[in-house]
Amino acid sequence: MPSTTAAPPAWMAMELAGLEDALVLKYGEGQRVRIQRGLKQVSQFWREEDGDRGDFRSFMTDNFAGTPAALDTMFARFESLLEQYDGHMHEIGRQFRTQSDLDLGPIEGYDDIFAGYDPSAHFLDDAFRNKLAFVVLLNFPLTTLEERLNDGPNWSRRQWAEARLAERFSKRIPGEVALAISEAASASERYISEYNIWMHHLVDDKGVRLFPPKMRLLSHWNLRDEIKADYAGQTGGLAKQRAIQQVMERIITQTIPQAVINNPGVDWNPWQNSVSPTPAAENDGGAKPEVQSVADREPDTRYVTLQNCYKAVRKADPYSPTAPTHIARSFDENREIPEARVKAMFEQLLSSPLVPRVAALIEKRLGRPLEPFDVWYNGFRAKSKYTEAELDQIVAKRYPTPAAYQKDIPELLRKLGFPAADADYVAANIVVDPARGSGHAMGAGFREGHAHLRTRVEKMGMNYKGFNIAVHEMGHNVEQTLSMNRMDHYLLNGVPNTAFTEALAFVFQARDLELLGLQEPDPQAEALSTLNDFWGAYEIAGVALVDMGVWHWMYDHPDATPAELREATLAIAREVWNKYYAPVFHKKDVVLLAVYSHMIDSFLYLPDYPIGHMIAFQIEEQVRKSGKVGPEFMRMVKPGSVVPDVWMKNATGQPVAPDAMLQALERALKQLGA
Ligand SMILES: [Zn+2]
């Protein structure tokens, strides 16, 4: 029977003392520290089913690499074989998804099964069962984020690679725990994915319907995007925005009537919170108006769902000794930026003295005082010199087929300042495929593979939107190729996390018109785009603080009721609002920051967004200063997947921070005369 607890077998403590002496006797006092560490690391993960006391003893004696030469051989073997494993698994996965990813005709039922199958899903289980994981844990150090940050800058490249090797085996989550987590995740995704509001059924106090028939908005994305779209100047925009704010607040506070969720059969006045059957003439959803117990509010299902995610993920805590809470795993392992620093960066951004200047500029542009939903203001948009149709024509002529784009890659890279030889080298590693969707980039899993650029080319040729995306994906491919094929250690391939590869891809994407030979840098457009990005970061930083606050509250109150979690969430949302938003919005106790669906189904993912904005600004500012994309890009990606702060210090001289964004903002405000 697999054990269900994280407790080691009873004989373990006694056995460890004897083994330490025996191994020191064999390999010398100089190995004592490594021996102690290895024994401790293995013992943390060894369970009854891995073997008895005798098995444990002989495993330890047989697999400790007690001389530098033996350790070198072991490290090199693991590095090269894991590259082969990762690379081939990646290739199988890529081939299995080819029919569903590429524009190659109908997708059969079995294609979906192939696409959904992950041949490497059980690697970690296997590696503990066949004991490869224990070999690594016996010989290479598990590190904490603190060690990687404090000691990492002085580590050799080999030490970094060893840390990454050991990290692969830093957790041993039992199958039933992993299953519980994935079940909670799918249940919450399902809850979120069906949370639609039928907008034609919103009525105001005069019975007026503000939205057109058949408009069905998914919370929160579509609701938020409708607020953004309503700035475009048509009549009634403001009334619509206010109505959506009201709907959002009902969702967050769970005063929303259960009957109006995903139901075109009833009309709803979200101010009075009254519900009535939809008259037959207004029926736009094909549903029979059936109103059952319209007075009932949604019974805190939102918070039940969130709490179920928390309860599931908490089950992994005992099996993750270096990061024993989900919060620690989220910050120390996934982001590798300490939570306290993340919080401080968000607070620096939110309380910047530049915020009131941006707010004043928005009020001026709107011609009215700010309202809470203006956290989603999106009016900082530059007008393009060219119409979309003109751009489509230019692009289609240049790129009638994916092959035409493929052929042009070396030239595009040279235009971005890559030296000719490097441009050719990278371009030779990129394969352009016809995408079924809008496009994506897929790096290789080993140095023998290629990066794939999936792009959409219509029968008439590539259009401008397709080109814009292709340039972004090409940025990914260039990063993927350089940070894989030119990396000194396979185990250090890549960048610290997705925010970095996205930021590098945006550097490319922002220059798409220049690549078409159409645009000189335009300071006015740049200023508007900076303001747009800043306002987005300002909004999402508050949202992220709420997400973080709620996860701490759940850990501090493991036995809370859903209603208590709801009240705590509202209190945290109000507190963040009152501290950072109320001073410029002149309204207190707004709960809107808690509307994000990610809060319910994404397990503390939201802090990635504002961090991503900061990283994007740091990288863009650095490229600006240096003038040319190519050489700077090649220099920046060299360290590979070290921790973000070490990478960023090498790239820009500073750790991850909001300063570059705030400097760009100051420049933008000056440019716009604000
Ligand atoms: Zn991307």
Side-chain angles (χ1 to χ4, degrees), residues 90 93-94 97 100-103 221 225 334-335 395 399 402 405-406 409 412-413 416 418 426-427 429-445 449-457 462-485 493-515 529-530 532-533 536-537 540 598 602 605-623 629-630 632-634 636-637 640-641 644 647-648 651 656 661:
H90 176 87
R94 183 175 64 77
R97 283 195 301 278
S100 49
D101 281 351
L102 302 189
D103 189 15
W221 295 274
D225 292 347
N334 300 347
R335 293 185 187 95
V395 172
Y399 305 118
Y405 187 89
Q406 168 105 53
I409 293 177
L412 293 173
L413 296 182
L416 289 170
F418 285 86
V426 173
N429 254 292
I430 300 175
V431 178
V432 178
D433 300 321
R436 194 180 284 278
S438 64
H440 61 270
M442 186 186 272
H450 293 286
H452 286 254
L453 194 169
R454 271 73 190 272
T455 177
R456 184 151 188 94
V457 178
M462 193 183 260
N463 59 30
Y464 171 65
K465 201 173 167 64
F467 174 72
N468 176 272
I469 294 170
V471 172
H472 174 98
E473 306 306 342
M474 182 171 72
H476 282 309
N477 288 146
V478 173
E479 176 271 294
Q480 288 157 348
T481 300
L482 291 171
S483 71
M484 169 69 78
N485 296 36
N493 81 76
V495 287
N497 59 47
T498 48
F500 288 79
T501 181
E502 288 307 330
L504 291 163
F506 281 122
V507 166
F508 270 54
Q509 193 176 6
R511 288 159 179 78
D512 68 330
L513 290 179
E514 287 171 49
L515 287 175
S529 142
T530 296
N532 180 61
D533 293 348
I540 201 71
H598 307 76
S602 298
Y605 177 77
L606 284 163
D608 274 6
Y609 288 113
I611 297 172
H613 280 290
M614 293 179 199
I615 290 171
F617 268 97
Q618 287 185 283
I619 289 176
E620 178 61 41
E621 288 287 289
Q622 180 65 28
V623 170
V629 175
E632 203 54 18
F633 202 99
M634 291 196 292
M636 286 196 285
V637 299
S641 57
W647 193 100
M648 195 57 97
V656 176
M661 182 193 288

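Just follow the structure's listing: the first ligand is 1, and inside any ligand the first atom is 1. Only this structure's heavy atoms are used, side chains among them; waters, hydrogens and symmetry mates stay out.
Nearest to the Zn ion (ligand 1), among the N, O or S atoms that Glu502 has, is OE1. Closest N/O/S atom of His476 to the Zn ion (ligand 1): NE2.
When all heavy atoms are compared, the tightest approach of His452 to Asp433 is ND1-OD2, 2.8 Å.
Counting backbone and side-chain atoms alike, Glu473 contributes no N/O/S atom closer than 2.8 Å to the Zn ion (ligand 1).
At least one side-chain heavy atom of Leu515 sits under 4.5 Å from a side-chain heavy atom of Leu416.
A donor-acceptor contact closer than 3.5 angstrom is absent between the side chains of Tyr605 and Asn334.
When atom types are taken as modelled, the side chain of Thr501 and the backbone of Thr498 share no donor-acceptor pair closer than 3.5 angstrom.
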